[in-house]
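Both ligands and their constituent atoms are indexed starting at 1 by order of listing. Small disclaimer: the values here were computed from a predicted structure and weren't measured.
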Amino acid sequence: MELKFAQSILLGFGLKESIVTIKKVESGLINSTFVLNSKTNSYILQAINTNIFPNYEKGLENILTVGNWLKSKNYSYSFPLPINGQYLKVENEVWRLMPYVKNSMSYNRVSSLNQVKSAANCLGEFYHHLSDFNTEILSITLPNFHNGNSITKKFEEALLNCDKERLLLTKSLTNEIVKELPILKKWDEVCNSLPIRVVHYDTKINNFLFDKKTDEVLALIDLDTLMPGCVLSDIGDMIRTYSNPLGEESKEIEKVICNMEVINTIIQAFTNKAALQKEEIENLFFGGMAITLMQSVRFLTDYLNRDSYYKTSYKDQNLVRVKNQWALYKSLRNNLKPPS
Ligand code: GN1
Ligand code: MG
């Protein structure tokens, strides 16, 4: 990104500081993210992928409504809101600017149980403060986002219409994954039987910001998917990403084995803070397993569709992601029993 362009966006948000440096943030598979530094302040500038988030205006309303609620509840973490409560449209692109959370950093994989506990505490407090929030005032900005049936259908369509070379290359893996699809059906049944809550829907490890000095969580960020849903989506994505010792991009597939100590820590810390119902607690393990399978199917669908959804930086990256998630799923399945 050119300095001149970033400067004009900043001005569009009414800020007259001079930008000194711009750094592209490489994590995140959907939006494009940059850190802007002026002499006195730092900002996060993001271009929203409007193909994937066509309802971004409603999404912004969700973010502001939940942000204001949490402010009134003394939530102990940062919840960085878009500056001016607005997005800026420039030549068909939609931009938002946010304050940079000072002294923060993120991880793609876990390196201590303290990080796990700190993140689960943060999510637990989020659920605690939002337990009496009326979810009906939020918009469903991504209909069927974690719906097992809809994800299965998209996968089956891809199997019919996809790149035949890629299909051939993934034949045995695809067959194995197809055999597990009933788990996604079970997922829908379980989720439909649980209370509707405010769900972040993207609680993967690199969406938690940690304090560079203390290694405690400062914020849970990336709020485009904030909408009504079921707690298993969030605890499931935490289990999926925190229990994976190497992170979702690792090519060392044989080393991708879930860490049960991490999973038990997540569940214990989370349930200590968030007052959940018995049926929710009973299904937290299952949530991790089902979300990991769902992510295997989503990456495989995108691989078959020639990488049209997730950003990739090398050939067959989505296939590596599928293999990684599938290995994690199998190790979870060995440890966790789906509900009967
Ligand atoms: C996407 O944008 P990002 O990287 O935070 C995806 C998540 C997946 C994740 C996998 C809207 O999240 O659902 O779990 O990639 N977001 C959307 O890394 O599809
Ligand atoms: Mg996201």
Side-chain angles (χ1 to χ4, degrees), residues 24-34 44 46-56 58-60 62-63 66 79-80 82 94 96 98 106-110 119 123 126 139-148 150-151 154-155 158 184 187 191 199-209 219-227 229-230 232-244 246-251 256 287-303 305 307-313 317-326 328-329:
K24 189 162 176 30
V25 177
E26 296 301 338
S27 63
L29 307 188
I30 312 280
N31 294 329
S32 304
T33 309
F34 305 86
I44 292 285
Q46 276 190 313
I48 298 166
N49 183 329
T50 52
N51 290 326
I52 291 178
F53 300 116
N55 296 321
Y56 60 87
K58 290 281 169 205
L60 175 59
N62 284 356
I63 294 171
V66 171
F79 197 80
V94 177
R96 73 174 153 226
M98 285 168 301
S106 67
Y107 301 105
N108 292 322
R109 62 185 196 185
V110 97
L123 189 69
F126 177 89
S139 303
I140 298 178
T141 50
L142 291 170
N144 297 323
F145 185 45
H146 279 183
N147 181 281
S150 149
I151 286 164
K154 283 186 191 151
F155 173 48
L184 293 187
W187 159 267
C191 286
V199 172
H200 178 283
Y201 268 115
D202 199 5
T203 52
K204 64 181 191 182
I205 184 165
N206 58 21
N207 281 333
F208 287 85
L209 298 182
L220 169 58
I221 56 159
D222 195 9
L223 306 166
D224 292 303
T225 48
L226 198 62
M227 54 185 171
C230 146
L232 302 190
S233 283
D234 280 348
I235 213 66
D237 218 35
M238 277 200 81
I239 290 176
R240 177 181 80 77
T241 54
Y242 279 83
S243 80
N244 186 339
L246 298 179
E248 72 181 6
E249 298 287 354
S250 176
K251 295 177 181 168
V256 178
M289 192 174 118
I291 282 286
T292 305
L293 173 66
M294 184 183 287
Q295 195 62 59
S296 312
V297 174
R298 292 177 68 200
F299 281 144
L300 178 55
T301 304
D302 197 38
Y303 180 70
N305 288 335
D307 314 320
S308 59
Y309 187 95
Y310 295 109
K311 273 189 203 162
T312 54
S313 54
Q317 186 169 9
N318 269 322
L319 183 56
V320 168
R321 291 170 176 155
V322 181
K323 289 180 179 165
N324 175 306
Q325 295 297 293
W326 179 244
L328 185 70
Y329 173 71

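Aromatic pair Tyr242/Tyr107: ring centres not closer than 6.0 Å.
Arg298 and Tyr310 form a side-chain donor-acceptor contact under 3.5 Å, judged by distance and modelled atom types alone. If you check the side chains of Glu249 and Gln317, you find a donor sitting under 3.5 Å from an acceptor. Gln46 and Thr33 form a side-chain donor-acceptor contact under 3.5 Å, judged by distance and modelled atom types alone. A side-chain donor-acceptor contact under 3.5 Å links Arg321 and Asn318.
Residue Lys204 approaches ligand 1 through these ligand atoms, each under 4.0 Å from one of its heavy atoms: 3 (P), 4 (O), 5 (O), 9 (C), 10 (C), 12 (O), 15 (O), 18 (O). Close approach of ligand 1 to Tyr309 is summarised as follows: ligand atoms under 4.0 Å from at least one heavy atom of the residue are 11 (C), 17 (C), 19 (O). If you number the atoms of ligand 1 from 1 as listed, the ones under 4.0 Å from a heavy atom of Arg240 come out as 10 (C), 14 (O). Atom numbering of ligand 1 starts at 1 in the shown order; those under 4.0 Å from a heavy atom of Phe145 are 11 (C), 13 (O), 17 (C), 19 (O). Atoms of ligand 1 found under 4.0 Å from any heavy atom of Phe53, numbered from 1 in the order shown, are 11 (C). When each atom of ligand 1 is checked for a heavy atom of Glu248 under 4.0 Å away, the hits are 10 (C), 18 (O). Near Gly28, meaning under 4.0 Å from any of its heavy atoms, are these atoms of ligand 1: 4 (O).
In terms of protein heavy atoms, atom 13 (O) of ligand 1 is closest to Arg298 NH1, 2.9 Å. Of the protein's non-hydrogen atoms, the one nearest atom 8 (C) of ligand 1 is Gln295 OE1, 3.4 Å. Here the heavy atom of the protein found nearest to atom 1 (C) of ligand 1 is Ile30 CG1, 3.8 Å.
Taking a 4.0 Å cut-off on heavy atoms, Tyr201 fails to register as neighbouring ligand 1. Every heavy atom of Arg321 sits 4.0 Å or more from the atoms of ligand 1.
Counting all heavy atoms, side chain and backbone alike, Asn244 lies closest to Asn324 at ND2-OD1, 3.0 Å.
Test Leu328, Thr292, Ile205 against Thr241 for side chain to side chain contact (heavy atoms under 4.5 Å, CB included) and you get one pass: Ile205.
At a 3.5 angstrom cut-off on N or O pairs, Leu142 does not count as close to ligand 1. Below 3.5 Å of separation, one finds no N or O of Thr225 facing any N or O of ligand 1.
Protein N/O/S atoms closer than 2.8 Å to the Mg ion (ligand 2), listed by chain and residue number, are Asp202 OD2, Asp222 OD2.
Residues satisfying the side-chain contact (heavy atoms from CB on, under 4.5 Å) test with Leu60, not counting sequence neighbours, are Leu64, Pro82, Tyr87. Scanning for side chain to side chain donor-acceptor pair (under 3.5 Å) contacts around Asn108 gives Asn206, with sequence neighbours left out. Residues passing the side chain to side chain donor-acceptor pair (under 3.5 Å) test with Thr141: none are found, sequence neighbours excluded.
Looking at Asn207 against ligand 1, only its side chain comes within 4.0 Å, counting heavy atoms. Contacts between Asp222 and ligand 1 below 4.0 angstrom, taking non-hydrogen atoms only, involve the side chain exclusively.
For the atom pair CG (Asp224) and CG (Asn55), the distance works out to 11.5 Å, reported to the nearest 0.5 Å. Between the OG atom of Ser296 and the NZ atom of Lys323 there is a distance of 13.0 Å, given to the nearest 0.5 Å.
Between Gln325 and Arg240, some side-chain heavy-atom pair lies under the 4.5 Å cut-off.
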Item to check | Val66/Phe79 under side-chain contact (heavy atoms from CB on, under 4.5 Å): CA gap, chis, key distance, verdict | outcome: CA-CA 9 Å; Val66 171; Phe79 197 80; 4.0 Å; yes
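Comparing Ile291, Asp202, Thr33 against atom 12 (O) of ligand 1, the shortest heavy-atom distance belongs to Asp202.
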